[in-house]
Amino acid sequence: MRPVLDPTMSIGNVLTIIAVLFAAASTWYQLGERVTVIEHALAGQQAAIKRLDRDLSQTEDQSVGIRERLRAIEVIQQRQNETLLRILRAVEAQ
């Protein structure tokens, strides 16, 4: 039967292999933690984007209402100008 470990390996070699395996496991765990943090940050950013999109839609809806009111005011002012011009012409004609 063959031995599991090569008998010519020193303790230093075994310790080096154990340290490399420990470092690899530690790195894997840290990467998993980073992925979790990034996923949470991404979820927060997606929620913020949805909120900003909703706010933008509301602002656009409000600006449409403001534009309509400005057009109505413009029409009223044009009518007032026409009325004032007629009054001015009538006064000048007298």
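As the structure is a prediction and not an experimental result, all values here were calculated from the model. Numbers here are sequence positions counted from 1.
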Show which side-chain atoms of residues 51-66 pair as donor or acceptor with protein atoms under 3.5 Å away, not counting sequence neighbours.
residue: S57; atom: OG; partner: D53; partner atom: O; Å: 3.1
residue: T59; atom: OG1; partner: D55; partner atom: O; Å: 2.8
residue: S63; atom: OG; partner: E60; partner atom: O; Å: 2.7

Exercise. Check whether more than 12 heavy atoms from other residues, nucleotides or ligands sit under 6.0 Å from atom CD1 of I11, and answer yes or no.
Key: no

Exercise. Spell out, yes or no, whether L21 and I18 are grouped together once hydrophobic residues are joined by side-chain heavy atoms under 4.5 Å, including indirect joins.
Key: yes

Which pairs of donor and acceptor atoms, one on a side chain in residues 78-90, lie under 3.5 Å apart (sequence neighbours left out)?
residue: N81; atom: ND2; partner: Q77; partner atom: O; Å: 3.4
residue: T83; atom: OG1; partner: R79; partner atom: O; Å: 2.9

Exercise. Please assess L42 against Q45 for the test side-chain contact (heavy atoms from CB on, under 4.5 Å), listing each intermediate value before the final yes or no.
Key: CA-CA 5 Å; L42 182 61; Q45 288 177 351; 4.3 Å; yes

Quiz item: Going from NE2 on H40 to OG1 on T36, what distance comes out if it is rounded to the nearest 0.5 angstrom?
Solution: 6.0 Å

